[in-house]
Amino acid sequence: MTQSSDRFTQRSDRLTPSSDRLTQSSDRVPAPPSRLTVLAGPTAVGKGTVTAWVREHHPEIWISVSVTTRRRRPGEQDGVHYRYVSESEFDRLVADDELLEWAVVHRGARYGTPRRPVEEALAEGRPALLEIDLQGARQVREQMPEALFVFLAPPSWEELVRRLVGRGTEDAAERERRLQSARAELAAEPEFHATVVNRRIHDAGEELVDLMRSGASPGQ
Ligand code: 5GP
């Protein structure tokens, strides 16, 4: 078994009893309880890259497209990486309860997961993946505690800093803000069912897919 699977077993005692989770979810999602997986982790750990790898190599997995008020970066496509919306459109989505979760990330833009596509994918029986920040993961846990929560961790703090600086898409003040967030985010690892260490994208992607396939919500 992989390292993450071992950790997965070790962490099962941190979870609520599975019977509670099944009771809470039974009127919402008819699909097996472990179909939804939430991937979170510190900033710059490579969540987006691992998710892109899964998108390319595992088309059977449905991946949520978030809405965001941030600007599109070069190379990003509307409707593929995100759906880019105005502040007023985001307000409307919140007001109409169309988002499963949403958060202000890095004190800047708002990001959210459209609710209906997730529910539709689950109803079709497709394994579904959300790649979101920690605040969002906690909100999903409130609503769908039967989901599998996977933490993507860096090999080390030094490596995380290197990746953050190496990406070069943020200025110094923004980098410092993100480092502060990353420290707090790393401390949240015990809240998750499993940890995948992102040493190599391919390995991390495969470990994530293995966890999704294992079909076992912790505690079951
Ligand atoms: P970026 O702007 O670099 O693409 O993403 C910034 C952060 O926003 C990442 O940590 C990413 O996981 C998070 N994020 C992306 N989509 C969502 C979402 O729908 N909800 C939440 N809460 N966070 C998101």
Side-chain angles (χ1 to χ4, degrees), residues 36-55 62-87 89-94 96-122 128-144 147 149-154 160-161 163-171 173-189 191-192 195-196 198 201 204-205 208:
L36 179 66
T37 299
V38 177
L39 180 68
T43 185
V45 73
K47 299 188 293 283
T49 315
V50 171
T51 304
W53 186 92
V54 173
R55 184 182 290 117
W62 179 86
I63 301 177
S64 169
V65 178
S66 299
V67 290
T68 182
T69 59
R70 89 146 157 75
R71 290 215 184 136
R72 194 160 60 85
R73 292 187 189 130
E76 289 182 343
Q77 277 176 276
D78 191 17
V80 176
H81 299 92
Y82 289 101
R83 195 150 64 77
Y84 304 89
V85 299
S86 63
E87 296 288 348
E89 172 63 2
F90 203 99
D91 287 342
R92 188 196 66 73
L93 292 169
V94 173
D96 291 349
D97 198 26
E98 288 190 25
L99 300 181
L100 176 62
E101 60 75 34
W102 69 273
V104 177
V105 181
H106 310 311
R107 292 187 227 156
R110 287 184 286 176
Y111 296 78
T113 304
R115 180 193 302 278
R116 184 177 297 197
V118 175
E119 293 182 342
E120 286 175 354
L122 293 174
L129 178 64
L130 309 185
E131 182 256 292
I132 58 179
D133 89 321
L134 181 63
Q135 307 167 79
R138 287 175 174 150
Q139 291 173 45
V140 175
R141 194 174 52 202
E142 290 295 311
Q143 298 187 58
M144 295 178 160
F149 292 85
V150 178
F151 189 83
L152 190 66
L160 184 65
V161 173
R163 288 180 193 178
L164 190 53
V165 174
R167 193 158 67 172
T169 47
E170 296 84 22
D171 63 22
E174 176 61 17
R175 274 205 301 276
E176 186 46 41
R177 268 202 298 277
R178 288 186 176 210
L179 281 175
Q180 278 180 17
S181 310
R183 280 187 202 100
E185 287 164 346
L186 274 179
E189 186 191 345
E191 295 175 28
F192 287 74
T195 294
V196 170
N198 188 16
I201 293 157
L208 174 63

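Along the sequence shown, residues are numbered consecutively beginning with 1. Whatever order the structure lists them in is the order used to number ligands and atoms, beginning at 1.
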For this session: Find all atoms of ligand 1 within a distance of less than 4.0 Å from any non-hydrogen atom belonging to G136, and give their numbers and elements.
Result: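 This gives 22 (N) as the contact atoms.
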Exercise. Which atoms of ligand 1 sit under 4.0 Å from any heavy atom of A103?
Worked result: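 Heavy-atom distances to A103 below 4.0 Å select 22 (N).
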Exercise. Does a salt bridge link R92 with E89, judged by any charged N lying under 4.0 Å from a carboxylate O?
Worked result: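 Salt bridge between R92 and E89, a charged N being under 4.0 Å from a carboxylate O: yes.
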Problem set entry | R115 with D96: basic N within carboxylate O range, under 4.0 Å |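 No salt bridge links R115 with D96.
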Exercise. Between Y82 and ligand 1, is there a nitrogen or oxygen pair with a distance under 3.5 Å?
Worked result: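 Yes.
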Problem set entry | Polar atom proximity, V67 to ligand 1 (N or O, under 3.5 Å) |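 There is no such contact.
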Exercise. Atom CZ in R138, atom CD in Q135: separation rounded to 0.5 Å?
Worked result: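 Here the interatomic distance stands at 8.0 Å.
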Exercise. At what distance, to the nearest 0.5 angstrom, does CG of D171 lie from CD of E176?
Worked result: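 Answer for the CG-CD pair, D171 versus E176, is 11.5 Å.
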For this session: Provide the closest heavy-atom pair for F151 versus G41 in the form atom of the first, atom of the second, distance.
Result: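 Looking at all heavy atoms of both residues, the shortest contact is CE1-CA, 3.9 Å.
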Problem set entry | Minimum heavy-atom distance R141-F149, with the two atoms named |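 Where R141 meets F149 most closely, the heavy atoms are CA-CZ, 3.5 Å.
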Exercise. What residues form a side chain to side chain contact (heavy atoms under 4.5 Å, CB included) with R70, not counting sequence neighbours?
Worked result: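 Partners of R70 under the side chain to side chain contact (heavy atoms under 4.5 Å, CB included) test: T68, R73, E76, Y82, Y84, A109, Y111.
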Exercise. Residues two or more places apart in sequence or in another chain: which of them pass side chain to side chain contact (heavy atoms under 4.5 Å, CB included) with A52?
Worked result: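 Partners of A52 under the side chain to side chain contact (heavy atoms under 4.5 Å, CB included) test: R55.
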For this session: Would you check whether H81 reaches within less than 4.0 Å of ligand 1, judged by its heavy atoms?
Result: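 No, that is not the case, since the closest heavy atom of the residue is not under 4.0 Å from the ligand.
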Problem set entry | Within-shell test, G48 vs ligand 1, heavy atom, strictly < 4.0 Å |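 Heavy atoms of G48 never come under 4.0 Å of ligand 1.
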Is ligand 1 under 4.0 Å from a heavy atom in the side chain of [X], in the backbone, in both, or in neither?
X    : result
T113 : both
R70  : side chain
Q135 : neither
K47  : side chain
R110 : neither

